Amino acid sequence: MSTREAVRAEALFASCLQASQGPAEADVRAAVHDTLGRLGEGGCAGEVAGEFGDHPESAADRMTWALRMISRCYRD
């Protein structure tokens, strides 16, 4: 996994987008862009760390989803 993919996955993780929404590729890209703009890379990483500390079981599932979606939606 590249650093770019990791940053995008953290941004998607920190976004309001939910797996249950069945988001389209455009929705994922918009959520990543908006969340990075709002929180920055460090803020996204902080959100991820906080969730893993508070809710490790659900955070692991969410990160798995985020990584899968980033792999599917970005091909660079």
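On a predicted model such as this, the values are computed, not experimentally measured, just so you know. Values below: all heavy atoms of this structure, side chains included; hydrogens, waters and symmetry mates excluded.
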Participant: For residues 15-24, which residue pairs pass the salt bridge (charged side-chain N to carboxylate O under 4.0 Å, His left out) check, not counting sequence neighbours?
Facilitator: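 Every pair satisfying salt bridge (charged side-chain N to carboxylate O under 4.0 Å, His left out) with a residue in residues 15-24: there are none.
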
Participant: Starting from the C-alpha separation in whole Å, work towards a yes-or-no answer on side-chain contact (heavy atoms from CB on, under 4.5 Å) for Glu5 and Ser2.
Facilitator: CA-CA 5 Å; Glu5 290 171 314; Ser2 72; 3.3 Å; yes

Participant: Where do Ala9 and Ala66 come nearest, in terms of heavy atoms and distance?
Facilitator: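 For Ala9 and Ala66, the tightest heavy-atom pair comes out as O-CB, 3.6 Å.
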
Participant: Name all residues meeting the side-chain contact (heavy atoms from CB on, under 4.5 Å) criterion together with His33; count only those two or more places apart in sequence or in a different chain, and write none if there are none.
Facilitator: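 Result, side-chain contact (heavy atoms from CB on, under 4.5 Å) vs His33: none returned.
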
Participant: So, using salt bridge (charged side-chain N to carboxylate O under 4.0 Å, His left out) as the criterion, who are the partners of Glu41 when residues are at least two apart?
Facilitator: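 If we apply the salt bridge (charged side-chain N to carboxylate O under 4.0 Å, His left out) test to Glu41, skipping adjacent residues, there are no hits.
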
Participant: May I have the step-by-step check of side-chain contact (heavy atoms from CB on, under 4.5 Å) for Leu36 and Cys44, ending in yes or no?
Facilitator: CA-CA 7 Å; Leu36 280 172; Cys44 291; 4.0 Å; yes

Participant: Identify, with sequence neighbours excluded, every residue that meets side-chain contact (heavy atoms from CB on, under 4.5 Å) alongside Arg38.
Facilitator: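 If we apply the side-chain contact (heavy atoms from CB on, under 4.5 Å) test to Arg38, skipping adjacent residues, the hits are Thr35.
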
Participant: How long is the gap from CD1 on Ile70 to CZ on Phe13, to the nearest 0.5 Å?
Facilitator: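 Taking CD1 in Ile70 and CZ in Phe13, the distance rounds to 13.0 Å.
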
Participant: Under 3.5 Å, sequence neighbours excluded: what are the donor-acceptor pairs made by side chains of residues 17-24?
Facilitator:
unit_1, atom_1, unit_2, atom_2, d
Gln18, NE2, Cys16, O, 3.3
Gln21, OE1, Gln18, N, 2.6

Participant: List for me each residue that meets side-chain contact (heavy atoms from CB on, under 4.5 Å) alongside Ala45, sequence neighbours excluded, and say none if there are none.
Facilitator: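 Only Glu10 meet the side-chain contact (heavy atoms from CB on, under 4.5 Å) criterion with Ala45.
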
Participant: Is Glu57 salt-bridged to Arg62, going by a charged N under 4.0 Å from an acidic O?
Facilitator: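 Result for this pair is no, no salt bridge flagged.
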
Participant: Let me confirm one number: the CG-CZ distance from Leu12 to Arg68, rounded to the nearest 0.5 Å.
Facilitator: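 Nearest 0.5 Å value for the CG-CZ distance: 10.5 Å.
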
Participant: Hydrophobic clustering (ILVMFWY, side-chain heavy atoms < 4.5 Å, transitive) - are Leu39 and Val32 grouped together?
Facilitator: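 As far as the 4.5 Å side-chain criterion goes, Leu39 and Val32 are not connected within one cluster.
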
Participant: Give, for atom SG of Cys73 and atom CZ of Arg8, the distance between the pair rounded to the nearest 0.5 Å.
Facilitator: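 Answer rounded to 0.5 Å: 10.5 Å.
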
Participant: Does the ring of Tyr74 carry Arg29 above it, NZ/CZ under 6.0 angstrom from centre and within 45° of its axis?
Facilitator: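 Yes, a cation-pi geometry.
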
